[in-house]
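The structure appears below as structure tokens.
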Amino acid sequence: MQDRYDPKSIEPRWQAHWASKDLFRAGNRPGAPKKYVLAMLPYPSGEMHMGHARVYCITDVLARYARKRGFDVLHPFGWDAFGLPAENAAIKEGVHPAERTPRNIASFKKDVISLGISVDWSTELSTSDPAYYRWNQWFFLRMLERGLVYRRRAKVNFCPSCNTVLANEQVEEGRCWRCGSVVVEREIPEWAFRITAYADRLLEGLNRIDWPERVVAMQRNWIGRSDGLEIDFAVKGARRKAFRVFTTRADTIYGATYMAVAPDHPLVMELAPQSKKAGLQAFAEKVRRATKEVGEGAQAAEKEGVDAGIRAKNPFTGKEIPVWVANFVLAGYGTGAVMSVPAHDERDYEFARKYDLPIVPVIRPGDDSEPPKDKAYTDYGVLMDSGEFSGMPSEQARLAIAAEAQRRGIGKPAVNYHLRDWGVSRQRYWGTPIPIVYCPKDDPEGKGIPVPDSDLPVKLPDIDVKEVLTGMGEPPLAKVASWVNTECPICGGPARREAETMDTFVDSAWYWARYLDPHNDREPFSRAQADRWLPIDVYVGGPEHAVLHLLYFRFWTKVMQELGLCAIDEPAQKLVTQGIVKGRDGEKMSKSKGNVVSPREIIDEFGADTARLFILFAAPAEKDMDWSDEQVQGQHRFLGRVWRLIQGNLQTIEGVKAGGPPDDLRRRTHKTILRVTQQLERLQFNTAISSLMELSNAATDWSGAPGSLREALEVLVQLLAPFAPHTAEELWRGLGHTEELSRLQWPDADPALVVDDAYQIAVQVNGKLRGEVQVAASANDAEIRDMASRDPKVAGWLQGKTVKKVVVVPKRLVNFVVA
RNA sequence: GGAGCCGUGGCGGAACUGGUUUACGCGGCGCGCUUAAAACGCGCUGAGGGCUACCCUCAUCUGGGUUCGAAUCCCAGCGGCUCCACCA
């Protein structure tokens with residue numbers, strides 16, 4: 001064993017050793033219970049960054065620990081290889097994505113290995129591989145058969161200067177990210193997944209999984225179910241014409257004094273008087289431009305509207321009310337029309353004040369207090385001036401009014417969701433081709449003809465990058481004549497391929513299932529493998545995917561279950577969302593701020609084990625952590641201390657058997673086993689490492705039996721193994737063992753050594769700490785009370801007082817309540 | 001505006017289910033080793049005070065409450081972070 005702790009000489013050697021023995025292969029313990037530990041699929045940029053390192057440290061500790069607990073562990077890896085960055089780089093630099101991506105993967109993979117992550121590389125997959133994405137196409141066709149994917153006309157972002165459609169992410173404050181032109185809305189056809197059909201199942205499933213509360217809350221909000229009533233407001237002077245509105249507050253309907261409808265509501269132009277039409281058109285145009293120019297995330301615009309000149313009838317009061325066109329009514333939500341109740345809705349109130357529309361209160365607070373005069377009263381209460389419903393509480397009135405509407409045939413209960421269908425068409429090259437063909441003869445309406453399964457995969461054509469990836473014009477694939485022109489699968493005549501590709505979130509929706517069976521060329525994965533390994537036991541990744549990937553992959557799983565591919569309908573039992581790693585300045589790491597620290601630097605300077613310990617020790621897994629060079633050195637010092645501790649005691653423990661009669665160190669050792677085990681089960685890595693430090697400190701101070709010391713050192717190394725595997729392997733060898741530590745079972749705590757025969761317990765008088773006494777574990781309450789009261793310090797506080805009550809908490813404290 | 005999370009030393013953070021607040025690490029101070037420095041080792045380190053080998057008072061954002069006992073539970077407020085945002 002070397003004198004000095006030198007990770008550079010240790011780490012690559014053990015990495016090579018593990019690989020040569022294939023120690024991390026899943027499936028080599030067929031009878032054992034399984035554990036599927038997964039880190040979110042990375043996009044292969046050229047270098048691993050700290051956020052990645054953090055995820056892999058977490059999954060690796062879990063994977064290494066689970067193997068030691070006898071589980072058959074699946075800890076796979078792969079690459080989210082399709083996507084915008086590679087294509088944009090290609091547009092800029094002319095390098096084909098298919099050329100750059102493998103280079104990036106190789107470099108990233110090197111980093112993962114040098115961090116000592118125990119991956120089963122036989123699972124490795126890349127989503128840009130036709131052997132993978134053919135199954136995206138296969139899923140697309142199955143979903144098409146079931147009506148789960150459909151073609152629709154939807155509003156998309158369009159840059160008039162680049163003449164191309166942009167993804168939402170490519171619109172920055174309403175402008176094109178590349179040329180800065182104002183983005184306009186355009187309606188073009190696209191393919192969409194019917195995720196909304198699963199809204200309720202997606203909500204329900206959230207109750208069955210162990211996910212962070214905030215992610216669950218975000219998904220609930222995102223799905224955004226609201227229960228209400230759809231009801232018709234008849235139009236005056238136009239028989240059988242009515243505006244249908246959606247409301248969650250049917251109880252306020254007697255206070256509906258006007259209606260507000262979306263500017264592009266189809267009935268507006270149909271029903272508006274001729275004199276108003278030009279003005280309405282102009283207003284609609286203005287709103288359309290404003291919504292785009294303001295962009296996402298900006299403050300809501302000033303509420304504006306125009307009287308459409310249409311009059312409707314409130315179906316409950318029978319009164320005539322005006323119909324306004326308003327910029328705050330969304331065409332895409334509910335029915336695109338609302339009944340406005342200014343007395344009980346803040347938005348309606350603001351609008352009514354601005355345009356001097358009547359405000360009629362119909363709800364009063366249930367506690368008989370006065371409703372506010374200068375703003376809307378939005379809480380539930382008791383109805384007033386509401387005909388037969390007056391006096392009813394809101395909760396009850398909502399239902400009664402809905403029932404009445406239904407009885408009269410003018411309304412029905414309805415549910416609305418915030419969730420929209422998932423538009424998947426992308427005008428991009430570097431993605432999965434959509435397996436659809438358009439034939440003018442067999443498909444004159446352009447609905448799309450599915451490519452037969454036998455023709456899958458529809459492979460991406462090889463291209464001349466400079467010619468095709470210009471970032472302008474039609475979708476890149478449309479320019480590849482030899483590819484886009486094809487035969488109709490029905491008539492064999494000339495046809496065109498769908499030139500758009502799939503959203504890359506399709507790739508990540510099911511990759512975790514492909515890991516089970518990555519080379520299967522007959523099906524996405526076998527049912528037997530699915531039954532063996534699913535669901536994912538622990539899934540680790542960033543919370544930024546809370547309502548993107550983490551929603552899509554739940555949806556996909558439900559579809560896979562319906563297709564009979566797997567038994568489960570929730571992909572991940574437990575989710576861990578790790579916090580971000582901030583730079584030295586406490587700001588989020590970013591290239592533009594120049595505060596990025598690369599794991600590479602740390603590995604080069606201090607070794608992978610130091611990097612791992614630092615990342616896991618600095619903060620609990622779910623919390624953000626600050627980068628600290630001093631703390632990194634602290635972990636390096638700790639490993640150095642352990643090294644010297646063992647190195648310096650080799651002679652003392654030479655030939656000595658671990659164990660011996662119980663003593664303080666042995667008890668400490670076995671309690672540490674118990675503690676670290678619990679902490680690992682609860683994913684408390686930071687405190688687990690503290691416990692190791694405590695054991696190391698105790699062993700350093702030890703001057704008793706060498707057998708106890710040997711045991712302490714061996715256990716310390718065994719417990720260190722999941723966290724700092726290279727150092728632990730080397731030390732294990734140093735202690736005279738020949739088998740790999742990675743194969744060794746987790747140590748068991750001796751139950752006899754984790755219980756103390758005496759405890760130090762706190763003595764309180766009226767809840768204040770006044771002393772401490774040592775009591776035998778066997779002592780009963782009366783004995784404890786007795787000893788405590790005889791303690792001289794405590795006795796002083798009890799002097800002359802009457803003890804009214806004594807609380808004894810076993811092993812912890814005794815509290816005298818005196819007066 | 002809505003939803004969620006959080007507030008403990010100089011700093012990162014411990015504290016199991018309400019039971020001795022500040023484990024562990026960092027930083028700081030002192031000492032040792034050294035010609036010297038680095039590295040390493042040892043000791044001290046919440047604040048204030050006293051009769052200073054000992055003891056007291058006060059401290060978990062602020063203010064209330066429940067309790068024998070609150071960092072932990074409840075109410076109100078202040079501050080910070082994240083996500084969604086005209087959702088009818």
Side-chain angles (χ1 to χ4, degrees), chain A residues 4 212-222 224-226 228-229 245-249 252 259-260 291 296-303 326-330 332-341 345-348 350-351 378 416-419 543-544 546-547 577 579-580 586 613-614 617-620 622-635 637-638 640-641 644 675 678-679 682 684 686-694 696-697 700 760-772 793 796 804-818:
Chain A
R4 227 170 54 89
E213 209 178 316
R214 63 173 176 152
V215 175
V216 170
M218 271 193 240
Q219 294 215 349
R220 279 217 180 88
N221 286 344
W222 188 261
R225 178 183 164 117
S226 55
L229 168 71
V245 306
F246 174 71
T247 179
T248 54
R249 290 296 303 272
T252 66
M259 298 187 69
T291 34
E296 317 266 333
Q299 277 304 306
E302 167 83 0
K303 285 167 191 36
N327 63 347
F328 62 82
V329 182
L330 307 172
Y333 186 79
T335 58
V338 299
M339 64 174 209
S340 291
V341 186
D345 182 280
E346 280 169 29
R347 192 195 45 208
D348 295 345
E350 195 186 316
F351 192 81
T378 56
N416 263 287
Y417 299 92
H418 174 218
L419 184 69
E544 67 274 13
V547 289
T577 51
I580 58 170
L613 282 182
F614 165 72
F617 181 75
E622 306 230 330
K623 282 190 70 169
D624 290 352
M625 58 180 266
D626 294 313
W627 187 263
S628 156
D629 294 301
E630 290 82 8
Q631 289 279 356
V632 174
Q633 282 176 29
Q635 294 308 315
R637 276 204 287 269
F638 169 58
R641 273 201 302 277
R644 281 188 303 276
R675 281 246 295 289
Q678 269 170 13
Q679 285 157 338
R682 294 182 194 143
Q684 293 165 348
N686 55 333
T687 53
I689 293 167
S690 324
S691 301
L692 298 179
M693 289 171 170
E694 286 177 282
S696 157
N697 292 344
T700 305
Q760 189 89 341
I761 71 165
V763 185
Q764 296 182 340
V765 178
N766 283 347
K768 283 195 192 289
L769 181 68
R770 294 305 180 192
E772 280 178 3
K793 253 167 62 190
K804 287 176 25 185
K805 186 176 172 185
V806 183
V807 181
V808 179
V809 182
K811 298 179 192 177
R812 290 211 169 260
L813 61 68
V814 44
N815 186 15
F816 293 96
V817 184
V818 302

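Chain naming here is simple, since letters A, B, ... match the order of the sequence lines and numbering starts at 1 in each. All values below come from the heavy atoms of this structure, side chains included, with hydrogens, waters and symmetry mates left out.
- A/Glu544 is linked by a side chain to side chain contact (heavy atoms under 4.5 Å, CB included) to nothing, counting only residues two or more places apart in sequence or in another chain.
- Between the side chain of A/Asn815 and the main chain of A/Gly767, a donor-acceptor pair closer than 3.5 Å is present.
- Phosphate contact (OP1/OP2 of B/U20, side-chain N/O of A/Arg812, threshold under 4.0 Å): present.
- Each of A/Gly334 and A/Ser628 has a nearest nucleotide on RNA chain B; the 5'-most of these lies closest to A/Ser628.
- Counting non-hydrogen atoms under 4.0 angstrom, A/Glu544 reaches nothing in the nucleic acid.
- Every residue was checked against the side chain to side chain donor-acceptor pair (under 3.5 Å) condition with A/Arg812, not counting sequence neighbours, and none meets it.
- Applying the ring-ring contact (aromatic ring centres under 6.0 Å, His included) test to A/Phe614 and every residue at least two apart in sequence or in another chain returns A/Trp627.
- For B/G19, neither phosphate oxygen OP1 nor OP2 lies less than 4.0 angstrom from any side-chain nitrogen or oxygen of A/Asn815.
- Side-chain nitrogen and oxygen atoms of A/Asn697 include at least one within less than 4.0 Å of the OP1 or OP2 phosphate oxygen of B/G25.
- Every residue two or more places apart in sequence or in another chain was checked for a salt bridge (charged side-chain N to carboxylate O under 4.0 Å, His left out) with A/Arg641, and none qualifies.
- For A/Lys805, the side chain to side chain contact (heavy atoms under 4.5 Å, CB included) partners are A/Val807, A/Val817, not counting sequence neighbours.
- Remark: the A/Gln631 side chain and the B/G25 base include a donor-acceptor N/O pair separated by less than 3.5 Å.
- Atom pair A/Asp348:CG and B/G1:P shows a separation of 18 Å (rounding to whole Å applied).
- Not counting sequence neighbours, the partners of A/Arg249 by the salt bridge (charged side-chain N to carboxylate O under 4.0 Å, His left out) test are A/Asp251.
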(request) Summarise protein proximity over nucleotides 37-58 of chain B in one line of letters, 5' to 3': B for base, S for sugar-phosphate only, - for none, counting protein heavy atoms closer than 4.0 Å. (result) ---SS-------------SSSS

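- Atom CD in A/Glu346 sits about 8 Å away from atom P in B/G1, given to the nearest Å.
- With sequence neighbours excluded, the residues forming a side chain to side chain contact (heavy atoms under 4.5 Å, CB included) with A/Thr577 are A/Pro212, A/Arg214, A/Val215, A/Pro543, A/Leu575, A/Glu622, listed by chain and number.
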(request) Spell out protein contact along nucleotides 3-9 of chain B as letters: B when the base is contacted, S when just the sugar-phosphate is, - when no protein heavy atom is under 4.0 Å; keep the 5' to 3' order. (result) SSS----

